Amino acid sequence: MKELVILIRPEKLEDIKKILDDVNCGGMTLSTVMGCGTQKGTTSDTEGAVNEIRGFKTTINLLPKVRVEVVVEDKDVEKIIEKVRETCVTGHVGDGKIFIRNIEDAIRIRTGERGAKAL
Ligand SMILES: Nc1ncnc2c1ncn2[C@@H]1O[C@H](COP(=O)(O)OP(=O)(O)OP(=O)(O)O)[C@@H](O)[C@H]1O
Ligand SMILES: [Mg+2]
């Protein structure tokens with residue numbers, strides 16, 4: 001099993017829900033987060049600007065992103081990556097990222113099922 005941590009533009013939220021539904025994922029966890037990548041959140045209009053975040057002056061500008069965590073069987077990973085890329089790529093900076101983690105085990109609390117059966 002693998003966990004995909006998918007960070008995308010907020011406007012892609014409905015698309016990502018559909019993709020995960022299409023692969024019959026057992027569930028997903030979603031949060032709205034603030035983040036930045038290699039451009040440190042600067043866009044052409046804010047470049048060089050000093051921002052204040054909670055009282056600290058910083059040149060890092062955090063932008064809203066949607067973070068989706070989903071644990072899936074190994075066989076579904078590449079399919080999901082492909083579909084997410086197809087849907088979320090605009091070609092502009094800030095399209096997002098996917099991080100992949102190994103998941104050792106999973107347990108459905110209600111039944112005690114383990115591993116892929118618990119997804
Ligand atoms: N190395 C990282 N560690 C943790 N989170 C990251 C990392 N890189 C990106 N993120 C998260 O992913 C979001 C989107 O990143 P982004 O797409 O801007 O990455 P990038 O590497 O700058 O690529 P691009 O050049 O296409 O913009 C960020 O807002 C942040 O939440
Ligand atoms: Mg970026």
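Order of appearance sets the numbers: ligands from 1, and atoms from 1 within every ligand. Hydrogens, waters and symmetry mates are skipped; everything else that's a heavy atom, side chains included, is used. These numbers come from a predicted model, not from an experiment.
For the residues Gly94, Pro64, Cys36, the heavy atom positioned nearest atom 30 (C) of ligand 1 is part of Cys36. The heavy atom nearest to atom 15 (O) of ligand 1, out of those in Cys88, Gly35, Gly37, is found in Gly37.
Between the CD atom of Glu69 and the CD atom of Glu3 there is a distance of 5.0 Å, given to the nearest 0.5 Å. Atoms CE and CG, on Met28 and Leu4 in that order, are 11.5 Å from each other to the nearest 0.5 Å.
Remark: ligand 1 atoms within the under-4.0 Å shell around heavy atoms of Thr38 are 20 (P), 21 (O), 22 (O), 25 (O). Close approach of ligand 1 to Lys65 (heavy-atom distance below 4.0 Å) involves ligand atoms 29 (O). Close approach of ligand 1 to Asp95 is summarised as follows: ligand atoms under 4.0 Å from at least one heavy atom of the residue are 17 (O). Every atom of ligand 1 is numbered from 1 in the order shown, and the set under 4.0 Å from a heavy atom of Gly96 is 14 (C), 17 (O). Close approach to Leu7 involves these atoms of ligand 1, each under 4.0 Å from a residue heavy atom: 11 (C), 12 (O), 31 (O).
Side-chain atoms of Asn61 and Lys40 include no donor-acceptor pair closer than 3.5 Å.
For the side chain to side chain contact (heavy atoms under 4.5 Å, CB included) test with Ile19, the passing option among Glu14, Lys12, Lys83, Glu82 is Lys83; the others fail.
Given atom 19 (O) of ligand 1, the protein heavy atom at minimum distance is Lys97 CE, 3.5 Å. When hydrogens are left out, the protein atom nearest atom 25 (O) of ligand 1 is Gln39 NE2, 2.9 Å; that is the closest non-hydrogen contact. Remark: minimum distance from atom 3 (N) of ligand 1 to any protein heavy atom is reached at Phe99 CZ, 3.8 Å.
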Evaluate the side-chain hydrogen bond (donor to acceptor under 3.5 Å, both in side chains) criterion for residues Asp15 and Thr87: first the C-alpha distance (whole Å), next the side-chain angles of each, then the deciding distance (0.1 Å), finally the verdict. CA-CA 7 Å; Asp15 294 316; Thr87 316; 6.0 Å; no
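Classification of Asp21 and Lys17 as a salt-bridged pair fails, no side-chain N sitting under 4.0 Å from a carboxylate O.
Not a single heavy atom of Leu63 sits less than 4.0 Å from an atom of ligand 1.
In this structure, Arg9 and Thr90 have side chains that are in contact, with non-hydrogen atoms separated by less than 4.5 Å. No side-chain heavy atom of Thr29 sits under 4.5 Å from any side-chain heavy atom of Val68.
Not a single N, O or S atom of Thr38, from either the backbone or the side chain, sits less than 2.8 Å from the Mg ion (ligand 2).
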